[in-house]
Amino acid sequence: MKRNIQIIEWEDLDKRKFYSLGVFMTMTTRAAVYPFTLIRTRLQVQKGKSLYNGTFDAFWKILKAEGTRGLYRGFMVNTFTLISGQAYVTTYELVRKYVSCYSSNNTIKSLVAGGAASLVAQSITVPIDVVSQQLMVQGQGCQLTRFKLKPRNVTFGQTRDIVVQIFHADGFRGFYRGYVASLLTYIPNSAIWWPFYHFYTEQLSRLAPVDCPHLLLQAVAGPMAAATASTLTNPMDVVRARVQVEGRSSVIETFKHLLAEEGLWGLTKGLSARIISSLPTTVMIVIGYETLKRLSLRPELVDSRHW
């Protein structure tokens with residue numbers, strides 16, 4: 001018996017439930033994986049292996065030297081990306097609905113909607129990322145950035161220090177440093193992830209027993225899609241981190257400098273941390289997002305949907 005795969009579309013949702021539950025889901029996910037996001041950033045901007053030899057080496061060194069707080073540097077600022085997260089899912093669902101008027105092909109709908117959602121989200125996220133990344137590389141990684149913190153105990157006092165220094169050094173444009181690199185990283189990443197997610201889900205559904213929970217298949221398909229997208233887009237992610245942290249202005253020049261300095265290996269920096277962080281993140285996002293959509297189904301549709 002063939003499994004009937006149903007995708008919950010935008011018009012099927014109770015929007016009030018969708019947004020209220022979505023904020024909680026996003027916040028929980030970000031808190032769980034933030035340490036690996038911080039580690040990935042430090043690995044990407046260090047010269048060679050000047051500080052860390054890899055993901056787990058960085059984890060233990062940061063934990064030993066800076067404690068648990070060191071793994072969460074910049075987290076409070078990063079929570080403002082909740083806004084971009086809601087903008088992302090809204091754009092994805094609305095664009096998917098719009099594209100469906102012209103094509104019923106799920107790959108095309110996912111590709112276009114994923115890219116558009118990332119464009120909107122990054123326009124909101126980049127200034128937050130610029131500040132939070134500067135905070136991430138303080139502590140042991142203070143030599144990785146041109147900005148230095150004054151001794152403070154108050155989180156938002158440190159944030160203010162960084163914001164003022166960025167503005168004095170680069171003006172308002174400094175908060176959008178790396179914007180192009182971010183778009184070149186995350187638009188393809190998002191556009192690739194969604195089609196592969198649906199592709200892997202369909203392939204797994206053909207191999208799995210009919211009574212296998214559909215949510216389990218989605219939880220496996222999500223990390224597979226994330227690993228695929230992360231591997232394909234990691235070179236640009238390294239360039240993006242270098243541009244934002246080191247204050248470079250040219251994506252092309254940064255790319256050339258990275259190749260000249262560290263060779264092709266430099267383009268893989270932080271990939272393991274990125275994949276490691278993306279796997280649990282994606283499992284949580286997929287389970288959370290798909291569960292969120294099911295919980296947010298309009299009441300009259302609940303009995304008609306079966307997985």
Side-chain angles (χ1 to χ4, degrees), residues 22 24-44 52-63 68 71-72 74-75 78-79 81-82 84-85 88-89 92 110 114 117-118 121-122 125 129 132-133 136 182 185-205 207-208 212-238 240-241 265 267-293:
F24 173 76
M25 180 201 76
T26 304
M27 189 65 179
T28 303
T29 302
R30 290 185 186 280
V33 303
Y34 188 81
F36 286 103
T37 302
L38 180 143
I39 289 169
R40 181 190 77 196
T41 299
R42 289 198 183 183
L43 288 174
Q44 287 177 336
Y52 312 113
N53 292 319
T55 300
F56 292 104
D57 179 59
F59 178 85
W60 291 115
K61 282 183 177 177
I62 294 170
L63 193 62
T68 304
L71 294 169
Y72 279 90
F75 177 71
N78 194 261
T79 58
T81 56
L82 284 172
S84 64
Y88 179 93
V89 296
Y92 176 79
S110 300
S118 189
Q122 285 305 305
T125 299
D129 270 352
S132 65
Q133 284 181 335
M136 285 179 190
S182 291
T185 301
Y186 291 114
I187 289 179
N189 189 82
S190 181
I192 291 169
W193 188 88
W194 284 102
F196 271 107
Y197 168 58
H198 291 302
F199 170 75
Y200 288 138
T201 301
E202 290 174 2
Q203 297 305 309
L204 289 170
S205 70
L207 300 173
C212 180
H214 188 53
L215 191 60
L216 177 61
L217 301 181
Q218 292 172 316
V220 175
M224 292 172 66
T228 303
S230 294
T231 301
L232 293 175
T233 61
N234 196 71
M236 187 51 65
D237 193 42
V238 177
R240 175 197 61 81
W265 177 85
L267 301 177
T268 68
K269 297 185 78 170
L271 178 58
S272 61
R274 193 176 179 203
I275 291 177
I276 289 170
S277 66
S278 73
L279 296 186
T281 305
T282 308
V283 170
M284 294 174 70
I285 287 175
V286 167
I287 292 177
Y289 189 64
E290 296 293 350
T291 301
L292 169 65
K293 291 177 78 174

Measure across Pro223 and Val283 and return the closest heavy-atom pair with its distance rounded to 0.1 Å. CG-CG2, 3.3 Å
For Asn78 versus Ser132, what's the shortest heavy-atom pair and its separation? ND2-OG, 3.6 Å
Pairing donors with acceptors under 3.5 angstrom, does anything connect the side chains of Thr233 and Arg274? yes
Would Met224 and Val220 satisfy side chain to side chain contact (heavy atoms under 4.5 Å, CB included), going step by step from the backbone distance to the final call? CA-CA 7 Å; Met224 292 172 66; Val220 175; 3.9 Å; yes
Thr228 backbone acceptor or donor facing Trp193 side chain under 3.5 Å: no
For the OG1 atom of Thr81 and the CE atom of Met27, what is their distance to the nearest 0.5 Å? 8.5 Å
Is there a donor-acceptor contact under 3.5 Å linking the side chains of Ser118 and Ser190? no
Using only atom types and a distance under 3.5 Å, with no angle test, would you say the side chain of Thr268 pairs donor to acceptor with the backbone of Trp265? yes
Working to the nearest 0.5 angstrom, can you tell me the gap between Arg40 CZ and Met136 CE? 7.5 Å
Any chance you could lay out the side chain to side chain contact (heavy atoms under 4.5 Å, CB included) test for Leu38 and Phe75, step after step, and finish with the verdict? CA-CA 9 Å; Leu38 180 143; Phe75 177 71; over 6 Å; no
Could you state the interatomic distance from CD1 (Ile285) to CZ (Arg30), rounded to the nearest 0.5 Å? 7.5 Å
Could you verify whether a donor N or O on one side chain and an acceptor N or O on the other, from Tyr197 and Ser110, lie under 3.5 Å apart? no
Ignoring hydrogens and angles, tell me if any N or O in the side chain of Thr201 forms a donor-acceptor pair with the backbone of Gln218 under 3.5 Å. no
Going from CD1 on Ile287 to CG on Leu292, what distance comes out if it is rounded to the nearest 0.5 angstrom? 13.0 Å
Determine whether more than 12 heavy atoms belonging to other residues, nucleotides or ligands lie under 6.0 Å from atom CH2 of Trp60. no
Can you see which heavy atom on Gly222 is nearest to which on Val286, and at what distance? CA-CG2, 3.8 Å
Distance (rounded to the nearest 0.5 Å) between Ile192 CD1 and Ile187 CD1: 11.5 Å
Return the minimal non-hydrogen interatomic distance between Ile39 and Ala58, and the atom names on each side. CG2-CB, 3.8 Å
Verify side chain to side chain contact (heavy atoms under 4.5 Å, CB included) between Leu279 and Ile275, making sure each step is shown before the conclusion. CA-CA 6 Å; Leu279 296 186; Ile275 291 177; 4.0 Å; yes
According to the interplanar angle, ranging from 0 to 90°, do the rings of Trp194 and Tyr88 count as parallel (below 30°), tilted (30 to 60°) or perpendicular (above 60°)? parallel
Name the orientation class of the two ring planes belonging to Phe36 and Phe59 (parallel below 30°, tilted from 30 to 60°, perpendicular beyond 60°). parallel
Any chance you could measure Thr291, atom OG1, to Tyr289, atom OH, to the nearest 0.5 Å? 12.0 Å
So, for Ala208 and Cys212, which heavy atoms are closest and what is the spacing to 0.1 Å? CB-CB, 4.0 Å
Decide side chain to side chain contact (heavy atoms under 4.5 Å, CB included) for Asp237 and Tyr186; before the verdict, give the C-alpha distance in whole Å, the side-chain angles of both, and the deciding distance to 0.1 Å. CA-CA 8 Å; Asp237 193 42; Tyr186 291 114; 3.5 Å; yes
Considering all heavy atoms of both residues, which atom of Leu71 and which atom of Leu63 are nearest to each other, and what is their separation? CD1-CD1, 3.8 Å
